[in-house]
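Quick note: numbers below take in every heavy atom, side chains included, and nothing from hydrogens, waters or symmetry partners. Residue numbers begin at 1 in each chain, while the letters A, B, ... track the order of the sequences. None of these values were measured; they are calculated from a predicted model.
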Amino acid sequence: MHVIGPIVLLTGGVFLLAGAAVWPLGSVTRPGPGLFPFLGGMGLMALAALLPRPTPRADGIARLPSMLVLGATAAFALGVDRLGVLPSACLVAVASALALGGGWRLAIAVGLVVASGVTLVFVVALRVPFAVLPVGFPP
Amino acid sequence: MIDLAGAALAGALVGTLVGVLPGIGPAAAMALLLPLSFGLEPSAAITLLASIYFGSQYGSSTTAILLRIPGEASGVVTAEEGHRMALAGRAGPALAIAALASLVAGLASAGLVWLATPILAGWALTLSSADVAAIVLLACVAVVTVGADSARRTAASLMLGFGIGFVGSDFGGGPPRFTFGLSDLRDGLGLVPLVVGLFGLAELLAAPGSRDRAAAPPSPGSLMPSRAELSCAILSTIRGTAVGSAIGLLPGGSTLLAALAARSVERRFASDRLRYGQGAVSGVAGPEAANNAAAQAGLIPLIGLGLPANPAMAVLMGGFMLHGVPAGALLFTRQPDLFTAIIVGMVLANLMLVVLNLPLIGIWVRILRTPSIWLVPIVVTVSVLGVYAQNRALADVWLLVGFTALGLVLKAAVLPTPPVIFGALLGPLLEDNLRRALLQARGEIVAMADGPVAPVCMAMALVLLLMRIGRRAT
């Protein structure tokens, strides 16, 4: 587990250094746009080497549910233009409920609560100009 | 006035809910409501967002005392003595003392914000780029050295935040950096997806069922404290307010730090200091006054200098930007009435929080006991919709996915997430001002420090670093 921190910092450092290489570093009198990303990249590389081993245990992260919820959020981004906000939001809610271990009945109940909540809050009360329903449905 | 009162009421309700429920913190809740505040007047929008933050401090104490489950980090300190009072049959007085201490601290801090902020804003006008760079650098050093986390881990998170801050247009109209040709990234990575992803969803998903093991809360009973409890609480509240106000002014000076400092002070000076471990009143009044005072004193550097003292203030700064409200002296010259309205909103929010919290305790506890299998999917969906509703931009939803994943990775790597937000906000400020100062000084570093501010800030940063090294050595 203790290698994750250095890997994150090394990745960030390499990313900043690679980006900094595109722009001029400049000089002390005229610092260029690449100077600070370069310094930030070097700092991250140094901290990756200096990072202490974690003495506190990392919180147990529920990996599979987290990935499923993130997947549902990505599906929202992919589908909202075609499906509309209401079905996409229900999809996120149902998928999240299932990912967290709820059965189908509970997931459908959560989906219904979300559907009515979204309609009341975002459409009726706040009048956010969403495409609420799928393409082709009347508004 | 009606708008302000409505915003204070809505913010107080949402804030209390956020304080009651562990998982979604005040910064994420404020970020979520940012897009929903568009239709409001700027003063009402700022009041709404600030009230959420203040409300979360109040709400946290309720569940901390009754169930030993604080919804917000600062409630951890109150939970120690407050829950012991509850177990000893004094839950009602503990709740009343927490609410009254918070009220007194909140009103005193509102007065302090009213008096001190214009002075600070006037002083800010005299600062050069080098001074601002030095102040921001001091803030960064304070974030790394003052917190309870490992300094190297905090510095690593801060650096990652700097990296996030580099995305977007370079200062002075330079080339866009790290945008990969995407026009959505030209103005940088959005604050709302960053805060909601790192603080909201990542926290929620990391331990989704952690609060389901809550025991049945003891009955609050009568709220009336005894005369001895009241007299002890008065002095503790005054001390807590002073400690909290001072810490709230510091960058990185969180409400948790204020509550911890207040408890240390109380354990030394309170008349009931021998009762610690059995339910000391001062262990509730002092930390509660301190966390509320710190939350509100954070407005002084934010409004006066445009410097956020903690992540919630960073989101509030986002609210200032969205509503075109300038920070610093410009606020007082362009929109002086707005500052007065913000102060009135603070007072209203504090009064409403006491009115809401004590009679509605039963409801808050019932909400806390709702199984997370119901709450988490609803909060996740509202978060996704809130982020999308801001600009109706899919890029924001993708950023939310990315930042949530980053938050989960940072949790797995035991790297703290709040410094990432500081880095993302303070990094560009530091870079812009330092580059400007270097250009103006034509490379002569000594010429940059033409006044006392920059050298004093650098000396303070050095002292903080030495103190941290000394603490580690002992």
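- Interface check for chain B: of the options Leu98(A), Val80(A), Val113(A), Val8(A), the most heavy-atom pairs under 4.5 Å are formed by Val80(A).
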Going through the distances and angles, do Phe162(B) and Leu16(A) end up as a side chain to side chain contact (heavy atoms under 4.5 Å, CB included)? CA-CA 10 Å; Phe162(B) 281 171; Leu16(A) 287 184; over 6 Å; no

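- Residue Arg152(B) comes nearest to Leu51(A) through the heavy atom pair O-CD1, 4.1 Å, listed as atom of the first residue, atom of the second, then distance.
- Residue contact with chain B, scored on non-hydrogen atoms closer than 4.5 Å, involves the backbone and the side chain of Ala109(A) alike.
- When all heavy atoms of Met159(B) and Gly43(A) are compared, the pair lying nearest together is CE-CA, 4.0 Å.
- The contact between Leu415(B) and chain A is made entirely by side chain atoms (from C-beta outward), counting heavy-atom distances below 4.5 Å.
- At a 4.5 Å heavy-atom cutoff, the contact between Ala405(B) and chain A is made by backbone and side-chain atoms alike.
- Closest approach of Ser66(A) and Leu408(B) over heavy atoms only: CB-CD1, 3.7 Å.
- For chain B, the nearby parts of Val110(A) are the backbone and the side chain; heavy atoms of each come within less than 4.5 Å.
- Between Ala77(A) and Val397(B), the shortest heavy-atom distance links the atoms CB-CG1, 3.8 Å.
- Counting all heavy atoms, side chain and backbone alike, Ala156(B) lies closest to Leu44(A) at O-CD2, 3.9 Å.
- For Phe178(B) and Phe15(A), the gap between ring centers is short of 6.0 Å.
- Residues Pro377(B) and Val114(A) are not in side-chain contact: their nearest non-hydrogen atoms beyond the backbone lie 4.5 Å or more apart.
- Using a 4.5 Å cut-off between heavy atoms, Pro176(B) contacts chain A through its backbone alone, with no side-chain atom that close.
- Close approach to chain B, defined as a heavy atom under 4.5 Å from one of its heavy atoms, is seen in Ala89(A), Val92(A), Ala93(A) of residues 87-95 of chain A, taken by number.
- A pairwise comparison of heavy atoms in Val380(B) and Ser96(A) identifies CG1-OG, 3.8 Å as the closest pair.
- Qualifying side chain to side chain donor-acceptor pair (under 3.5 Å) partners for Thr119(A), counting only residues two or more places apart in sequence or in other chains: none.
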